[in-house]
Protein chains: 4
Amino acid sequence: MIRKVSKPRRAAKEVAAKPGPAMVEHRGNRHGRSEGARTAILEAADNLLVERGFAGVTIEGIAAAAGVAKQTIYRWWTSKTDVLMDAFLEDMIQASVPSDSGDLKSDLKHHLVGLAKMLAESDTGAVFRALLAEAQHDSELATRLRTQFIEPQRLRDLFPFEQARKRGELYPEFDTDAALEQLLSPIYYRVLVSGQPVSQSYVESLIRRLVLR
Amino acid sequence: MIRKVSKPRRAAKEVAAKPGPAMVEHRGNRHGRSEGARTAILEAADNLLVERGFAGVTIEGIAAAAGVAKQTIYRWWTSKTDVLMDAFLEDMIQASVPSDSGDLKSDLKHHLVGLAKMLAESDTGAVFRALLAEAQHDSELATRLRTQFIEPQRLRDLFPFEQARKRGELYPEFDTDAALEQLLSPIYYRVLVSGQPVSQSYVESLIRRLVLR
Amino acid sequence: MIRKVSKPRRAAKEVAAKPGPAMVEHRGNRHGRSEGARTAILEAADNLLVERGFAGVTIEGIAAAAGVAKQTIYRWWTSKTDVLMDAFLEDMIQASVPSDSGDLKSDLKHHLVGLAKMLAESDTGAVFRALLAEAQHDSELATRLRTQFIEPQRLRDLFPFEQARKRGELYPEFDTDAALEQLLSPIYYRVLVSGQPVSQSYVESLIRRLVLR
Amino acid sequence: MIRKVSKPRRAAKEVAAKPGPAMVEHRGNRHGRSEGARTAILEAADNLLVERGFAGVTIEGIAAAAGVAKQTIYRWWTSKTDVLMDAFLEDMIQASVPSDSGDLKSDLKHHLVGLAKMLAESDTGAVFRALLAEAQHDSELATRLRTQFIEPQRLRDLFPFEQARKRGELYPEFDTDAALEQLLSPIYYRVLVSGQPVSQSYVESLIRRLVLR
DNA sequence: CATTAATCGAGACGGTACGTCTGGTCTTCCC
DNA sequence: GGGAAGACCAGACGTACCGTCTCGATTAATG
């Protein structure tokens with residue numbers, strides 16, 4: 001169902017090539033897609049979600065908040081979740097560069113605490129939970145969410161283990177996938193299902209449970 | 001927000017008292033609440049959710065499908081999720097009576113495989129996922145879901161451990177809560193987040209990971 | 001295409017039966033159709049046409065001006081012209097009771113001057129011209145306009161002649177249809193086509209041209 | 001409102017001068033206005049009106065049908081009625097050269113039957129009726145229509161009378177304006193208002209009614 | 001036995017948002 | 001500088017449901 005491409009046609013180079021203060025102001029033209037409109041929409045969507053909750057996000061509301069015509073949204077996205085998906089991915093670009101302190105447990109702790117905080121407390125996490133919720137009854141979105149966030153995130157999550165393996169911290173048969181699942185799933189469970197807090201000490205206890213070698 | 005009581009005033013006794021022909025057909029009267037209308041609504045809600053997805057469930061749709069006036073729904077419920085919540089709880093009443101074979105690992109396996117199947121594959125599971133999804137941006141519903149399902153379910157989930165403890169199968173300091181979380185959270189994670197299947201062998205591997213004594 | 005009945009179900013008797021200030025205020029109920037909403041819509045349509053011209057009349061505008069939901073308009077009418085048609089007919093109900101002075105020429109003068117004034121100057125005339133204009137490219141409306149206004153109006157227009165015939169003012173072979181056409185068509189021509197004024201003296205000259213016996 | 005001149009700068013001679021292969025195809029150029037685009041637009045407007053009715057004519061539709069960009073239309077016309085006005089006037093250039101048989105009644109009959117046919121049956125008549133309709137709520141258009149069509153047409157209509165006067169067929173005080181109105185207004189009335197047919201015999205009966213001397 | 005109270009099906013009402021469609025403006029590129 | 005292309009803002013379209021309200025019918029308990 002999500003057929004439309006969100007940011008087509010416009011090479012970054014072209015954008016950069018436009019000189020001066022750049023980001024040429026335009027109202028309908030042949031620049032191709034308006035970058036101003038695009039970002040205004042994504043920001044408006046984000047803000048509305050946080051301020052008014054998922055049900056409070058409407059295409060009409062986004063359009064009004066972004067100062068944009070509804071059709072400009074429908075031209076590039078198919079639904080409000082589609083917009084929110086893009087807004088979320090944009091948010092995640094600034095995502096954590098995993099730390100690499102030379103000690104696995106320390107790296108894991110740092111990474112997982114950050115992840116838990118993002119999921120449970122940040123605005124970005126609110127967007128993620130809304131999307132995951134929607135994905136429960138929208139398999140297309142589910143697929144997209146897995147492809148564009150969960151898989152890449154998995155790679156980022158595995159990074160500390162890979163570093164540790166290089167350092168010889170792990171015994172050879174150590175199953176990183178299983179270990180990761182042992183760490184992540186309780187965090188997601190608490191955030192999504194039981195609503196229990198995910199404190200720093202809780203994360204530490206999860207890590208302590210791991211048998212590394 | 002959910003102020004209304006779903007099934008007030010009418011003691012189970014009264015229902016039981018009217019056996020045989022009973023279940024008086026009535027269109028507005030002083031029998032009190034119409035049991036026929038109530039069950040028709042819950043069934044219609046269930047069916048609509050499965051057939052048309054969460055967004056396809058509307059109060060008007062339920063009313064039409066149940067052959068009931070909209071107001072009859074609004075008299076007893078506050079929203080479509082409120083109806084679905086009741087429908088879900090009704091479904092869960094037939095829930096598993098936990099097996100008690102005398103062996104913890106066997107009991108756990110039986111119980112967890114059944115739970116996973118319910119969550120991932122059954123219509124009831126679809127309703128649950130929809131409710132949990134909605135609960136991500138509806139804290140009132142979240143509370144209700146935890147109180148009325150997740151907590152009671154936790155007790156059912158713990159039952160095998162309690163039996164084992166009585167039998168002396170567990171060392172004294174064994175943390176059943178932690179153990180349960182280790183078992184449950186990967187199942188929920190796979191169902192809700194990663195979409196991976198929860199096979200019987202996977203459940204067995206989870207159990208094997210537990211150190212019981 | 002115009003399938004909906006505009007004023008169903010509510011017998012005049014019932015309306016009359018409601019005494020005193022009557023016209024029960026209600027917002028959605030089982031009074032049947034709301035007379036208040038109905039008249040508010042027709043008035044709003046009338047006013048908008050006069051103030052903003054035909055193109056300026058929109059269903060949304062009518063709804064807003066009448067303080068009514070769009071759907072309430074769509075429930076009972078099919079299009080803005082349908083609404084305007086009803087508004088026009090309602091206006092015409094208060095139409096002239098033809099005078100009957102005992103003298104044909106005097107009666108005709110009175111009737112035609114009134115008609116010309118209505119067509120050219122009144123708000124009702126503006127609505128009529130708009131409808132007739134629309135009827136030029138909407139044959140369904142054309143039919144309805146002829147059936148519901150032009151034919152009945154013709155009967156009213158003929159009334160003075162009938163009275164005169166009863167009085168023996170006309171020679172037997174006098175063709176009233178032809179005479180009427182001779183009188184009416186220049187009036188419509190001036191109003192619709194040439195834009196020339198239709199003064200009282202002009203009407204008199206038209207009548208003078210007639211050879212009555 | 002109608003500020004733009006519709007056919008500037010380009011003499012008919014030039015058009016005629018470019019025969020055969022010519023009619024230079026161009027997509028934006030320095031030839032000045034494209035005659036090809038202009039005629040394509042007027043034809044497309046005409047055709048759309050006949051095929052789809054007045055509401056079915058849109059600037060976008062004309063542009064698409066004429067294979068022309070919207071802006072090319074907006075550059076030279078202000079509205080769809082403006083385009084249709086030009087299309088209509090273009091059509092009327094081929095208008096009847098009034099016959100001059102030497103007999104007034106014969107000339108009138110010939111002329112009026114042609115006029116009635118044009119108004120009621122031809123595509124050009126459809127365009128005229130649409131414009132007249134629009135003129136009912138657009139006084140600017142009304143003025144233009146009267147200036148550019150109705151007045152000139154009146155002169156054409158009077159031509160038979162003038163010839164007759166030269167021939168001495170009319171008594172001196174004969175009021176040609178009044179006579180013309182007597183002839184024309186019933187025709188317009190039938191076409192625009194009552195929808196009755198305007199047959200040849202009907203036109204003859206109108207003429208017979210005239211007292212010429 | 002009449003009155004009263006509770007509930008039901010029905011459906012009109014004022015609203016919000018949907019997703020689609022035109023209209024008219026503007027900018028760029030091509031000739 | 002005309003013309004093609006096409007993104008943009010604006011806003012009306014007709015539809016679907018929302019949640020509220022009132023009706024008239026039905027039935028049971030009350031007095």
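Within every chain, numbering begins at 1; the chains are lettered A, B, ... in the order of the sequence lines, protein sequences first and strands thereafter.
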To the closest 0.5 Å, what do you measure between CG (Asp86(A)) and CZ (Arg144(A))? 5.0 Å
Interatomic distance, Ile73(C) CD1 vs dG14(E) P [rounded to whole Å]: 9 Å
Heavy-atom side-chain contact between Ile41(C) and Trp77(C) under 4.5 Å: yes
Between CG on residue Leu84(B) and CG on residue Leu48(B), distance to nearest 0.5 Å: 9.0 Å
What about Lys70(B), does its side chain sit under 3.5 Å from the base of dG19(F) through a donor-acceptor pair? yes
Nucleic acid contacts - residues 62-69 of chain B versus DNA chain F, non-hydrogen atoms under 4.0 Å: none
I need the Asp46(A) CG to Glu51(A) CD distance, nearest 0.5 Å. 10.5 Å
Measure the spacing between CD of Glu134(B) and NE2 of His137(A) and express it to the nearest 0.5 Å. 6.5 Å
Does Trp76(D) put a side-chain nitrogen or oxygen below 4.0 Å from OP1 or OP2 of dG3(F)? yes
According to a strict under-4.0 Å criterion, is Arg75(B) in side-chain N/O contact with OP1 or OP2 of dT7(E)? no
Judged by each residue's nearest nucleotide on DNA chain E, which is more toward the 5′ side, Thr58(A) or Ala37(B)? Ala37(B)
For the pair made of OH in Tyr74(B) and P in dC8(E), what is the distance, rounded to whole Å? 16 Å
Between C1' on dC18(F) and CG on Asp82(B), what's the gap in Å once rounded to a whole number? 16 Å
Any side-chain N or O of Thr72(C) under 4.0 Å from OP1/OP2 of dA12(E)? no
Atom CD1 of Ile59(B) to atom C1' of dC17(F): distance rounded to whole Å? 10 Å
If you assign each of Gln71(B) and Glu60(A) to its closest nucleotide in DNA chain E, which residue comes earlier from the 5' end? Gln71(B)
Evaluate the side-chain proximity of Phe54(B) to Lys80(B): yes if any heavy-atom separation is below 4.5 Å, no if none is. yes
